[in-house]
Visitor: 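Got a structure here, written out as structure tokens. Questions coming.
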Amino acid sequence: MIEVELPDGTIAEFPDGTSRDVMKAALQKRFGSQQLAQPERPQPGSLLDFPQIEPQPNVAQDMAAAGAAGLSRGATGILDLPGMIFGAGSRAGSWVAEKTGLASPEEAQAAHQMMTGAADVSRFGSGDKYRQAAAEATGGATEFRGDTTAGQYAGTAGEFVPGALLGPGSAVKNALAYGVVPGLASEGAGQLTEGTALEPYARAVAPIVAALVASKVVQPAAPKAPTVDDLKSQADGLYRAGAARPGADPASVQSLASQIDNELQALNIKTPTGRVLAEGNVKKFLDVLDDYKGQQMKPEQMQTMRRILTDAAGSADPADRRIGMALLEKFDDWRGQHVPEYQQADALYGRMKRAQDVDFRIEKAERRAASSGSGGNRVNAARQNIKALLDNPKASRGYSDVEKALMEDIVRGSPAVNTLRNVGKLSPTSGALPLLGSLTGVGVAPQVAVPAMGIAAAAKGGAEIMTNRQIDRLVQAILNGSPITVPRSEAAQSVIAALLGVNAGSAPQ
């Protein structure tokens with residue numbers, strides 16, 4: 001028999017072999033939990049040493065409270081941003097004044113404190129004014145970060161949402177792609193590196209990377225122009241279809257001759273006696289056209305006639321070029337009435353050849369830049385080759401006004417591109433002199449020279465990227481037959497939203 005002494009001094013008996021769990025259940029059923037409760041915890045290992053179960057927090061409530069607090073920190077972080085920037089500028093100014101000898105360390109510190117003090121009493125604050133006000137108004141509730149893991153993720157995600165909502169576009173998409181996703185990434189990276197020196201950096205870098213990835217995922221893909229091979233295949237098919245047509249009968253050929261004669265008289269290059277004041281391919285075309293009077297002209301023969309006029313239109317002689325272009329326009333209109341496939345095929349073939357021409361000129365510029373050793377004039381070489389195309393009437397013939405306008409944009413550069421190019425001239429990769437200057441600067445003042453080198457190199461790379469995008473837009477417009485509307489890039493918007501979220505999640509100063 002097993003005897004168990006109860007809190008009231010009585011003895012409870014159980015048969016031999018009864019398990020502890022069965023005895024506990026029997027005692028609770030007989031006496032109830034209230035009678036078994038004691039003011040002091042029983043000795044460890046005794047029968048009455050029941051496990052103490054702590055109440056678990058409600059996950060849903062914890063997520064809601066932490067998420068609301070995170071939203072508050074995100075909103076106040078935006079309001080506090082001007083004050084934070086002002087404070088950072090004040091600290092930088094004080095540091096420069098101290099390092100250059102304009103002020104002693106004490107004077108620099110006093111000036112910084114005076115500036116931040118003045119900002120603190122203004123509506124801008126010194127970087128955490130509105131956040132502290134929210135914390136005081138809610139008794140610290142806005143600083144709650146969650147008692148559960150899910151609550152901590154919800155709180156950090158909430159910090160990123162207000163900044164994400166500032167950008168254009170769908171509020172729901174922005175909140176999810178540039179708020180929730182970076183916030184979850186930041187908290188996840190922070191928990192993985194928790195307690196290490198990497199944690200602050202992980203919480204700052206992870207949301208930026210996540211935001212950039214999200215911007216690529218949610219951004220609609222740009223429409224693609226046909227390739228050179230696509231255009232060639234389409235043109236070849238149209239040329240074959242046109243060649244199968246019967247061509248023009250003798251009456252239509254006579255009509256062409258009359259139209260050409262009227263055009264010659266309008267150009268004042270035909271004398272009263274009927275002599276044409278033209279040489280070269282123009283005269284050759286007129287002689288061949290005379291041979292076809294009263295005859296049928298097949299599609300292949302039309303192509304031969306057109307090639308003669310094309311050569312005339314591309315003549316180095318300005319007079320021949322002017323006459324050739326005028327007659328070519330008349331001939332194409334006439335030919336299009338009989339073989340419309342040829343006109344369509346010519347347009348496709350012309351787009352293909354112009355795109356190949358631009359690609360060749362860019363490749364030529366890249367080879368010239370590479371041959372210089374440093375490659376520092378790559379962007380400039382590309383712009384020079386495009387400029388040479390614009391300056392050559394023969395080379396630029398066939399390019400549309402829209403395509404020429406895109407070339408002008410490349411040559412002249414936008415204000416942003418030109419600014420980056422000028423700064424990029426100081427990059428050590430821009431030539432021997434900038435490299436020598438950078439090395440000298442590192443030896444004299446490395447704390448200034450090293451960041452300056454990085455800025456100049458980044459500016460040079462940025463100018464190249466932007467110019468290459470302009471060139472790509474030109475080629476795409478040529479291949480497509482018109483400019484392609486490229487969806488607005490949301491990369492900058494995503495990074496700004498991520499930075500605002502990182503700032504909102506930083507600890508109060």
Side-chain angles (χ1 to χ4, degrees), residues 53-81 84 127-128 130-135 137-167 169-219 490-509:
I53 301 175
E54 298 292 337
Q56 296 297 315
N58 185 294
V59 175
Q61 293 178 356
D62 188 63
M63 290 180 65
L71 289 172
S72 173
R73 291 192 297 273
T76 55
I78 296 172
L79 296 175
D80 282 325
L81 187 61
M84 185 202 70
D128 62 349
Y130 293 97
R131 179 169 174 172
Q132 289 181 356
T138 60
T142 55
E143 293 301 316
F144 179 64
R145 293 181 178 272
D147 292 327
T148 65
T149 300
Q152 292 165 4
Y153 274 94
T156 304
E159 294 169 352
F160 285 77
V161 170
L165 294 176
L166 294 179
S170 168
V172 175
K173 183 199 74 173
N174 289 347
L176 292 175
Y178 308 139
V180 175
V181 170
L184 295 178
S186 178
E187 183 61 33
Q191 294 204 14
L192 286 174
T193 58
E194 187 175 8
T196 69
L198 294 176
E199 182 178 357
Y201 302 101
R203 287 185 177 273
V205 173
I208 296 176
V209 175
L212 286 172
V213 173
S215 72
K216 295 298 182 183
V217 173
V218 302
Q219 185 172 337
E490 298 184 5
Q493 174 186 344
S494 67
V495 172
I496 292 173
L499 292 174
L500 289 174
V502 170
N503 176 59
S506 60
Q509 298 173 357

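Just so we're clear, the structure is a prediction, and the values are computed from it rather than from any experiment.
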Visitor: I need the minimum non-hydrogen distance between Gly179 and Ala164, along with the two atoms involved.
Guide: N-CB, 3.7 Å
Visitor: With a 4.5 Å cut-off on side-chain heavy atoms, are Pro182 and Ile208 touching?
Guide: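 In short, these two side chains do not touch, never coming nearer than 4.5 Å.
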Visitor: What distance do Ser215 atom OG and Asn174 atom CG have between them, rounded to the nearest 0.5 Å?
Guide: 11.5 Å
Visitor: For the atom pair CG (Leu166) and CD1 (Ile496), what is the distance rounded to the nearest 0.5 Å?
Guide: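 Interatomic distance, Leu166 CG to Ile496 CD1, rounded to 0.5 Å: 9.5 Å.
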Visitor: Identify, with sequence neighbours excluded, every residue that meets side chain to side chain contact (heavy atoms under 4.5 Å, CB included) alongside Ser72.
Guide: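 Partners of Ser72 by the side chain to side chain contact (heavy atoms under 4.5 Å, CB included) criterion, ordered by chain and then number, come out as Thr76, Ala134, Thr142.
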Visitor: Quick check: closest heavy atoms across Leu184 and Ala157, and the distance to 0.1 Å?
Guide: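 Looking at all heavy atoms of both residues, the closest pair is CD2-CB, 4.3 Å.
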Visitor: Could you state the interatomic distance from CD (Gln132) to CD (Glu143), rounded to the nearest 0.5 Å?
Guide: 9.0 Å
Visitor: Check whether any side-chain heavy atom of Arg145 sits under 4.5 Å from a side-chain heavy atom of Glu187, and report yes or no.
Guide: no
Visitor: Looking at Ala210 and Ala185, what are the two nearest heavy atoms and their distance?
Guide: CB-CB, 3.6 Å
Visitor: Grab the two heavy atoms, one from Ala498 and one from Phe160, that are nearest each other, plus how far apart they are.
Guide: O-CE2, 3.4 Å
Visitor: At what distance, to the nearest 0.5 angstrom, does CD of Gln152 lie from CG of Asp62?
Guide: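 One finds 8.0 Å between CD of Gln152 and CG of Asp62.
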Visitor: Quick one: pull up OG1 in Thr149 and CE in Met63 and give me the separation to the nearest 0.5 Å.
Guide: 11.0 Å
Visitor: Taking the side chain as every heavy atom from C-beta outward, state whether Val502 and Ser186 have any atom pair closer than 4.5 Å.
Guide: no
Visitor: Output all residues satisfying side chain to side chain contact (heavy atoms under 4.5 Å, CB included) with Ala65, sequence neighbours left out; order by chain, then residue number.
Guide: Phe144
Visitor: The test is side chain to side chain contact (heavy atoms under 4.5 Å, CB included); show your working for Leu176 and Val218 and say whether it passes.
Guide: CA-CA 10 Å; Leu176 292 175; Val218 302; over 6 Å; no
Visitor: Which atom pair, heavy atoms only, marks the closest approach of Gly74 to Ala504?
Guide: CA-CB, 3.6 Å
Visitor: Measure the spacing between OG1 of Thr196 and OH of Tyr201 and express it to the nearest 0.5 Å.
Guide: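 Between Thr196 OG1 and Tyr201 OH, I get 10.5 Å after rounding to 0.5 Å.
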Visitor: Looking at every non-hydrogen atom in both residues, tell me the closest pair between Glu194 and Glu199 and how far apart they are.
Guide: CA-OE1, 3.5 Å
